[in-house]
A.B. asks: 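Questions regarding the structure given below will be posed in turn.
Computed from a prediction, not measured in an experiment: that's the story for all the values here.
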Amino acid sequence: MKVLQKTQTIVRYQNDNSKVCYGMVEGDEILQLSSEFSDIVNNELKYDGIRLKISDVKVLAPVAPSKVINFGWTYAEHARETGGKANLKEPFMFLKPASSLIPNEGDIILPSSDLTKQVEMEGEVALIIGKRGKNIKEEEALDYVFGCTIFNDVTARDLTKTDPQFTRGKGFDTFGPLGPWIVTGLDPTHLRIVTTLNGKIVQDGNTNQMSLSIPFLISWVSQIMTLEPGDVLATGSPSGSCPMKAGDVVTVEVENIGKLCNYVLTTEEGAEFGR
């Protein structure tokens with residue numbers, strides 16, 4: 001079996017046999033790997049000889065994490081626009097359940113209006129952890145990052161403004177679009193993020209604008225909880241978050257990674273289509 005060199009882009013998907021696989025993206029094709037995620041993060045990439053069109057597979061969220069860690073108010077202007085605290089000395093952290101995750105081109109299902117009346121998007125860079133870490137030194141923190149992907153921290157803004165903590169407003173099913181794939185070898189501290197709503201730019205920022213550095217965030221959270229391979233660390237959103245409604249298309253684009261595109265449906269539409 002041929003062992004590949006280090007890859008740039010890793011995608012997780014279901015093939016025509018409904019088997020969940022990882023593959024290496026080359027243009028509009030996937031080189032299917034027989035490697036498990038634990039092998040991939042150790043650069044043990046084994047190509048099984050199958051080549052597929054991306055359009056012929058069902059792309060999934062790029063990982064199945066043990067936890068989805070989110071950092072809020074890491075951009076001062078976003079903190080101000082949402083009633084948060086700008087330029088924090090320590091991170092504001094919350095978790096999302098794995099049940100919130102959906103892939104690229106998945107549907108964001110709006111909860112019924114008796115639960116929330118204001119659902120907004122937040123385009124972000126997400127880090128995928130590549131090795132187990134506890135009490136990580138800040139100067140070594142980026143060594144624990146396997147790669148980067150894109151996250152949309154969908155938020156029921158009316159609930160986060162009233163609840164003492166963010167679990168309800170952040171934790172609805174489908175409130176965690178993630179993908180479309182993982183790109184290795186990037187510097188996450190200098191990536192442009194552009195979010196569009198129905199083709200109109202609503203967010204345009206860069207991770208170099210964060211008030212707390214990414215190595216600091218990794219080190220800080222590792223003192224609280226052990227980071228495991230595949231864990232997702234969403235690094236926060238630049239300013240421009242705004243409401244979404246049924247029928248909208250929201251796209252988050254991060255340079256050198258790609259685009260994460262999702263469609264907004266009502267609860268009734270989601271039920272109708274079996275979602």
Side-chain angles (χ1 to χ4, degrees), residues 61-62 68-84 92 94-97 99-113 115-127 148-163 166-180 191-207 209-210 232-255 257-267 269-270 275:
V68 182
I69 301 167
N70 292 253
F71 295 105
W73 303 336
T74 54
Y75 294 76
E77 288 304 314
H78 177 66
R80 294 186 185 103
E81 73 182 0
T82 57
F92 175 71
F94 56 92
L95 301 176
K96 285 206 180 207
S99 55
S100 71
L101 297 181
I102 58 172
N104 181 50
E105 299 191 351
D107 297 322
I108 299 168
I109 309 298
L110 298 176
S112 61
S113 59
L115 293 174
T116 175
K117 294 179 173 60
Q118 185 180 359
V119 177
E120 300 188 1
M121 88 292 285
E122 295 185 11
E124 308 186 3
V125 170
L127 313 176
C148 300
T149 188
I150 307 171
F151 191 69
N152 185 350
D153 177 19
V154 181
T155 302
R157 189 72 66 202
D158 48 352
L159 301 184
T160 60
K161 286 185 176 181
T162 59
D163 287 358
F166 280 12
T167 301
R168 182 168 64 136
K170 300 282 192 176
F172 286 97
D173 291 349
T174 76
F175 272 27
L178 182 73
L191 292 174
R192 186 184 180 196
I193 308 162
V194 177
T195 304
T196 60
L197 184 63
N198 303 321
K200 178 183 177 181
I201 294 176
V202 292
Q203 292 183 292
D204 190 348
N206 194 298
T207 53
Q209 300 167 337
M210 293 172 63
V232 176
L233 274 64
T235 58
S237 173
S239 63
S241 175
C242 60
M244 301 180 294
K245 64 182 186 306
D248 284 347
V249 179
V250 57
T251 301
V252 185
E253 183 174 3
V254 177
E255 64 174 320
I257 298 178
K259 296 180 180 180
L260 172 66
C261 181
N262 297 96
Y263 312 102
V264 184
L265 302 180
T266 65
T267 299
E269 288 172 325
R275 300 182 175 94

A.B. asks: What heavy-atom pair brings Arg168 and Thr162 nearest, and what distance separates the two atoms?
C.D. replies: NH2-OG1, 4.5 Å

A.B. asks: Would a distance-only check, ignoring hydrogens and angles, find a side-chain to backbone donor-acceptor pair under 3.5 Å from Thr196 to Val194?
C.D. replies: no

A.B. asks: Please report the interatomic distance NZ(Lys245) to CG(Asn198), rounded to the nearest 0.5 Å.
C.D. replies: 5.5 Å

A.B. asks: Treating Thr160 as the side-chain partner and Gly169 as the backbone partner, does any N or O pair qualify as donor plus acceptor under 3.5 Å?
C.D. replies: no

A.B. asks: Using salt bridge (Lys or Arg N to Asp or Glu O under 4.0 Å) as the criterion, list what pairs up with Asp204, not counting sequence neighbours.
C.D. replies: Arg192

A.B. asks: Can you check whether Phe71 reaches Leu233 side chain to side chain, under 4.5 Å on heavy atoms?
C.D. replies: yes

A.B. asks: Once you round to the nearest 0.5 Å, how far does CG of Asp248 lie from CG of Leu265?
C.D. replies: 10.5 Å

A.B. asks: Taking Met121's backbone N and O only, do any of them form a donor-acceptor pair with Ser241's side chain (distance below 3.5 Å, no angle check)?
C.D. replies: yes

A.B. asks: Should the pair Glu122-Lys170 be classified as a salt bridge under the 4.0 Å nitrogen-to-oxygen rule?
C.D. replies: yes

A.B. asks: Go through the steps for Asp153 and Lys96 under the test side chain to side chain contact (heavy atoms under 4.5 Å, CB included), then give the verdict.
C.D. replies: CA-CA 9 Å; Asp153 177 19; Lys96 285 206 180 207; 2.7 Å; yes

A.B. asks: Within the side chain of Thr251, is there an N or O that forms a donor-acceptor pair under 3.5 Å with the backbone of Cys261?
C.D. replies: no

A.B. asks: Could you tell me the separation between the CG atom of Asp173 and the CD1 atom of Ile102, rounded to the nearest 0.5 Å?
C.D. replies: 10.0 Å

A.B. asks: Tell me whether Lys161 is salt-bridged to Asp158, with the criterion being a basic N under 4.0 Å from an acidic carboxylate O.
C.D. replies: no

A.B. asks: Is the closest side-chain heavy-atom distance between Leu197 and Cys242 below 4.5 Å?
C.D. replies: yes

A.B. asks: Any side-chain heavy-atom pair from Val154 and Val250 closer than 4.5 angstrom?
C.D. replies: no

A.B. asks: Quick one, Leu178 and Pro103 - any side-chain contact, counting heavy atoms below 4.5 Å?
C.D. replies: no

A.B. asks: Side chain of Thr174, backbone of Ile109: donor and acceptor closer than 3.5 Å?
C.D. replies: yes

A.B. asks: Is there a side-chain contact between Val119 and Phe172, using heavy atoms and a 4.5 Å cut-off?
C.D. replies: no

A.B. asks: Can you list the residues that meet the side chain to side chain donor-acceptor pair (under 3.5 Å) rule with Glu253, with sequence neighbours excluded?
C.D. replies: none

A.B. asks: Evaluate the side-chain proximity of His78 to Pro238: yes if any heavy-atom separation is below 4.5 Å, no if none is.
C.D. replies: no

A.B. asks: Could you tell me whether the side chain of Phe151 reaches within less than 4.5 Å of the side chain of Leu101, counting heavy atoms only?
C.D. replies: yes

A.B. asks: Do any N or O atoms from the side chain of Glu81 and from the backbone of Gly240 form a donor-acceptor pair under 3.5 angstrom?
C.D. replies: yes

A.B. asks: Give a yes or no on whether the backbone of Leu95 and the side-chain of Asn70 come within a donor-acceptor separation of less than 3.5 Å.
C.D. replies: no

A.B. asks: Within the side chain of Thr267, is there an N or O that forms a donor-acceptor pair under 3.5 Å with the backbone of Leu110?
C.D. replies: yes

A.B. asks: Nearest heavy-atom pair of Asn104 and Lys259: which atoms, and what distance?
C.D. replies: OD1-O, 3.6 Å

A.B. asks: Closest heavy-atom contact between Glu124 and Ala234?
C.D. replies: OE1-CB, 3.3 Å

A.B. asks: Not counting sequence neighbours, which residues clear side chain to side chain donor-acceptor pair (under 3.5 Å) with Asn206? List them please.
C.D. replies: Asn208

A.B. asks: Between OG1 of Thr74 and CZ of Phe92, what distance do you get to the nearest 0.5 Å?
C.D. replies: 11.5 Å

A.B. asks: Heavy atoms only: give me the nearest Gly171-Pro97 pair and the separation to one decimal.
C.D. replies: O-CG, 3.5 Å

A.B. asks: Roughly how far, to the nearest 0.5 Å, is the CD1 atom of Ile201 from the OG1 atom of Thr195?
C.D. replies: 9.5 Å

A.B. asks: Walk me through whether Trp73 and Thr82 qualify under side chain to side chain contact (heavy atoms under 4.5 Å, CB included).
C.D. replies: CA-CA 9 Å; Trp73 303 336; Thr82 57; 3.4 Å; yes

A.B. asks: If you round to the nearest 0.5 Å, how far is OG of Ser113 from CD of Gln118?
C.D. replies: 13.5 Å

A.B. asks: Do you know which two heavy atoms are closest between Ile150 and Gly258, and how far apart they sit?
C.D. replies: CD1-O, 3.2 Å

A.B. asks: Grab the two heavy atoms, one from Asn152 and one from Leu260, that are nearest each other, plus how far apart they are.
C.D. replies: N-CD2, 4.0 Å

A.B. asks: So, do Thr207 and Tyr75 sit near enough that their side-chain heavy atoms are less than 4.5 Å apart?
C.D. replies: yes

